[in-house]
Amino acid sequence: MAASNPSVFLLTVNGHIEGANFPEYDNLYCKYCFVYGHDWAPTTGLEEGITQIASKSSQASHRLIWNFPLATTFKSTSPSGWPQLVVSVYGPDVFGNDVVRGYGATHIPFTPGQHTKTIPMFVPEPTWRLQKFTGWLTGRRPEYTDPKVVAQGEGREVTRVRSQGFVSVSFLIMTKDMKKMDYDTGPSGPANKPSATSGWSTEQQP
């Protein structure tokens, strides 16, 4: 009975943090973490990580290339609080201190299959000119104490920010038992084909 009436569904997130475009900066690395609701829990894989430092390549239109793998599986009883990926990019300033170059977040795609997302990045801005000058002089920049706040709406509206760069992420999304729990994230018909014997839905029709 448990197999035909599951109490949870699974969401597997595979993919890569491919790279970034920050025209003004070089030698950057990226930290990532997942943010999710109370009904969600990770079962396998890593919830957070950090990439290597990447330098701009003339062969890749001066983009930063990380190709850092993502591999995590979540279980949940409800789609509420669907996971988000939060990324934070850091690099050296003129004094050699590591400072934040951008924050960004995106929801994990809802439909199974392959997806590519471009995440707009931003940085907090000082509210006063004196703060800006002091920050430049001391090498200290405004940062969030917890990058996960980027995925939350509360309090964000009082933060002054400036757009800065983009991060590209590729996803391969698989789900299991969502339809059995009356949650259908895919198109109707044979769009999401389960793999043989596993019940995982991986394919997405265009």
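Only this structure's heavy atoms are used, side chains among them; waters, hydrogens and symmetry mates stay out.
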Will you find, in the side chains of Tyr183 and Asp177, an N or O donor that is under 3.5 Å from an N or O acceptor? no

What is the minimum heavy-atom distance between Tyr32 and Val87, and which atoms define it? CB-CG1, 4.2 Å

Are any side-chain N or O atoms of Glu47 and backbone N or O atoms of Phe34, one a donor and one an acceptor, separated by less than 3.5 Å? no

State whether the side chain of Trp66 and the backbone N or O of His16 hold a donor-acceptor pair below 3.5 Å, judged by distance alone. no

Heavy atoms, side chains only, cut-off 4.5 Å: are Glu18 and Asn67 in contact? yes

Ser76 and Asp39 side chains, donor-acceptor separation under 3.5 Å: no

Whether the side chain of Lys56 engages the backbone of Tyr25 through a donor-acceptor N/O pair (distance < 3.5 Å, no angle test) should be reported. yes

Carefully, step by step, assess Phe171 and Asn14 under the rule side chain to side chain contact (heavy atoms under 4.5 Å, CB included). CA-CA 6 Å; Phe171 293 101; Asn14 290 316; over 6 Å; no

Atom NZ of Lys75 with >12 non-hydrogen neighbours under 6.0 angstrom: no

How far apart are the C-alpha atoms of Ile108 and Ile173, what are their side-chain angles, what is the distance that settles it, and do they pass the side chain to side chain contact (heavy atoms under 4.5 Å, CB included) test? CA-CA 8 Å; Ile108 302 304; Ile173 303 301; 3.6 Å; yes

Evaluate the side-chain proximity of Ser170 to His115: yes if any heavy-atom separation is below 4.5 Å, no if none is. no

If I compare all heavy atoms of Tyr103 with all of Pro124, which pair ends up nearest, and what's the gap? CE1-CD, 3.7 Å

Grab the two heavy atoms, one from Gln84 and one from Ala105, that are nearest each other, plus how far apart they are. OE1-CB, 4.2 Å

Within 45° of the six-membered ring axis of Phe22 and under 6.0 Å from that ring's centre, is NZ or CZ of Arg101 located there? no

What is the ring orientation for Phe9 with Trp82, classed by angle as parallel under 30°, tilted 30 to 60°, or perpendicular over 60°? parallel

Check: Phe122 and Val150 side chains under 4.5 Å, non-hydrogen atoms: yes

d(Ser88 OG, Glu48 CD) to nearest 0.5 Å is 10.5 Å

Can you tell if the side chain of Ile119 reaches within under 4.5 Å of the side chain of Val169, non-hydrogen atoms only? yes

Residue pair Met174 / Leu11, side-chain heavy-atom distance below 4.5 Å: no

What I'd like to find out is whether the side chain of Leu70 reaches to under 4.5 Å of the side chain of Ile17, using heavy atoms alone. yes

Taking Thr72 for the side chain and Leu46 for the main chain, is one N or O donor matched with an acceptor at less than 3.5 Å? yes

Hey, does the side chain of Thr51 reach the backbone of Cys30 with a donor-acceptor pair shorter than 3.5 angstrom? yes

Exercise: do Thr12 and Thr73 side chains pair donor with acceptor under 3.5 Å: yes

So is Lys31 actually on top of Tyr90's ring, under 6.0 Å and inside 45° of the axis? yes

So if you build clusters from Ile, Leu, Val, Met, Phe, Trp, Tyr with side-chain heavy-atom gaps below 4.5 Å, do Phe166 and Ile65 land together? no

Do you know which two heavy atoms are closest between Asp26 and Ser55, and how far apart they sit? OD1-CA, 3.2 Å

Can you confirm whether Val13 sits close enough to Phe74 that some side-chain heavy atom of one is under 4.5 Å from a side-chain heavy atom of the other? yes

Contact summary for Asp98 and Tyr29, nearest pair of heavy atoms: OD2-OH, 2.9 Å

List the atom of Pro6, the atom of Met181, and the distance in Å for their closest heavy-atom pair. O-CG, 3.9 Å

Is Arg63 close to Ser168 at the side-chain level, that is, under 4.5 Å between some pair of heavy atoms? yes

